[in-house]
J.: 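One structure, pasted below without further comment.
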Amino acid sequence: MTKKEKLLLIYEKLYHFYGPQHWWPADNWFEVTIGAILTQNTTWKNVEKSIHNIKQNNLMNPNKLYELEKNELAKIIKSSGFYNLKSERIKNFLEWLKAYDFEYSNIREKSYTELRRELLNIKGIGKETADSILLYAFNYPVFVVDSYTKRFFNRLGFELSDNYDEIQNFFENMLEQDEKLYNEFHALIVKHSKELCKNKPICTECFLQKQCNFYIKGFGR
DNA sequence: CTCCGGGCGT
DNA sequence: ACGCCTGGAG
């Protein structure tokens, strides 16, 4: 079996086992971007509280968040942790958004390459956050790489490098440039990494034993 | 490598 | 009590 075939098999099995993940869980593109920043190194449950809080105050809106004091925003997103930092980062992002009059259509006119470069120029937005925004808010076909991706596929036996771009290129070369596929695949990787392929993996319950080096070599027992 | 951090599962 | 969470910057 080629790596490409194995990759597709993994995807099919994940999808069969967990089903569609319906990502990103948000009402609109703007909420996706805020969630993407808030969830940096943070559990989604804590982010949900913050998002609920923002909505509760009727502030889930680029104009209103832009007007809000940084310290006030920090209080509202406290549950997400790193709240001073993230408040600053959201402010930086909003400052960038303002140049587009906070309009989705204005931003979507940009090419993928230009948009990615601009996002990466915002202080507080790195590659993973930028790609999450590009994929889940603006629906560009880009494969999001995170620590789960590395851990999961390295256990499977793919021997990924530790370089973000190289890993991303690997997946994008192996797979079709399909936004729906990238959307679902990343979501399933996160799901599986939280359910079974955790820091301390639960290999005994895993449906990927036959495909997994970590299990085959006996580490999972 | 260290800081940033509340919240939750164990 | 402790460990970890859909990272990024200095």
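Naming convention: chains lettered A, B, ... in sequence-line order (proteins, then strands); numbering from 1 in each chain.
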J.: Who passes ring pair (Phe, Tyr, Trp, His ring centres under 6.0 Å) against A:F171, sequence neighbours left out?
T.: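 Scan of A:F171 (ring pair (Phe, Tyr, Trp, His ring centres under 6.0 Å), adjacent residues dropped) gives A:F143, A:F153.
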J.: Strictly below 4.0 Å, heavy-atom distances to any atom of DNA chain B: list the hits from residues 115-124 of chain A, or just say none.
T.: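 Nucleic-acid contacts, sorted: none.
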J.: Would you call A:K123-A:E88 a salt bridge at under 4.0 Å N-O?
T.: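 No, this pair does not count.
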J.: Is it the case that over 12 heavy atoms from other parts of the model lie below 6.0 angstrom from the NZ atom of A:K70?
T.: no
J.: Have a look at A:Y100 and tell me which of A:F102, A:Y104, A:W96 forms a ring-ring contact (aromatic ring centres under 6.0 Å, His included) with it.
T.: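 Filter result, single survivor: A:W96.
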J.: Does A:E195, at its CD atom, have more than 12 non-hydrogen atoms belonging to other residues, nucleotides or ligands within less than 6.0 Å?
T.: yes
J.: Can you tell me if A:Q177 uses its side chain to pair, donor with acceptor, with the backbone of A:E172 under 3.5 Å?
T.: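 Side chain of A:Q177 to backbone of A:E172: a pair is present.
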J.: Are any of A:S147's side-chain N or O atoms less than 4.0 Å away from OP1 or OP2 of C:dT6?
T.: no
J.: For ring-ring contact (aromatic ring centres under 6.0 Å, His included), just list the numbers for A:Y15 and A:F185, CA-CA rounded to whole Å, side-chain angles, deciding distance to a tenth of an Å, and then say yes or no.
T.: CA-CA 8 Å; A:Y15 189 85; A:F185 209 161; over 10 Å; no
J.: Starting from the 5' end of DNA chain C, give me the residue, A:R89 or A:N199, whose nearest nucleotide shows up first.
T.: A:N199
J.: Would you kindly say whether A:D131 and A:Y164 are connected by a side-chain donor-acceptor distance under 3.5 Å?
T.: yes
J.: Please state how far atom NZ in A:K86 lies from atom P in C:dC5, giving the value in whole angstrom units.
T.: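 For the pair A:K86 NZ and C:dC5 P, the rounded distance is 13 Å.
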J.: In whole angstroms, how far is the C1' atom of C:dC4 from the CZ atom of A:R151?
T.: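 So the CZ-C1' distance, A:R151 to C:dC4, works out to 10 Å.
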J.: A:K86 and A:S50: side-chain donor and acceptor closer than 3.5 Å?
T.: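 No pair is found: no donor N or O on one side chain lies under 3.5 Å from an acceptor on the other.
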J.: Quick check on contacts: within residues 165-197 of chain A, what sits under 4.0 Å from DNA chain B by heavy-atom distance?
T.: none
J.: Is the count of non-hydrogen atoms from other residues, nucleotides or ligands lying under 6.0 Å from A:D162 atom CG greater than 12?
T.: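 Not more than 12 within 6.0 Å, no.
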J.: A:F82 CZ to C:dG7 C1': how many Å, rounded?
T.: 8 Å
J.: Does the distance from a Lys or Arg side-chain N to an Asp or Glu carboxylate O, for A:K75 and A:E72, drop under 4.0 Å?
T.: yes
J.: Please name the residue in the list A:Y182, A:W44, A:Y136 that meets the ring-ring contact (aromatic ring centres under 6.0 Å, His included) test with A:W23.
T.: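 For A:W23, the ring-ring contact (aromatic ring centres under 6.0 Å, His included) test succeeds with only one of A:Y182, A:W44, A:Y136, which is A:Y136.
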J.: Taking only residues two or more places apart in sequence or in another chain, which ones pass salt bridge (charged side-chain N to carboxylate O under 4.0 Å, His left out) with A:E48?
T.: none
J.: Nearest whole angstrom, please: distance from the C1' of C:dT6 to the NZ of A:K198.
T.: 16 Å
J.: Between which nucleotides of DNA chain B, read 5' to 3', does contact with chain A run, using atoms under 4.0 Å from its heavy atoms?
T.: B:dC4 to B:dC8
J.: How far does the P atom of C:dC4 sit from the matching atom of B:dT2, given to the nearest Å?
T.: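 15 Å, rounded to whole Å.
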J.: Which of residues 18-52 of chain A have a heavy atom under 4.0 Å from DNA chain B?
T.: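 Correct list: A:N41, A:T42, A:N46, A:K49.
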J.: Rounded to whole angstrom units, what separation is found between the NZ atom of A:K200 and the P atom of C:dC5?
T.: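 Result: 14 Å.
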J.: Quick check on ring-ring contact (aromatic ring centres under 6.0 Å, His included): which of A:Y18, A:F17, A:Y148 does A:H192 satisfy it with?
T.: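 Of A:Y18, A:F17, A:Y148, ring-ring contact (aromatic ring centres under 6.0 Å, His included) with A:H192 is met by A:Y18 alone.
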J.: Whole Å only: how far is the CD1 atom of A:I77 from the P atom of C:dG7?
T.: 16 Å
J.: Taking atom P in both B:dT10 and C:dT6, compute the distance separating them and give it to the nearest angstrom.
T.: 14 Å
J.: Considering only atom C1', compute the distance from B:dC4 to C:dC5 and round it to an integer number of Å.
T.: 14 Å
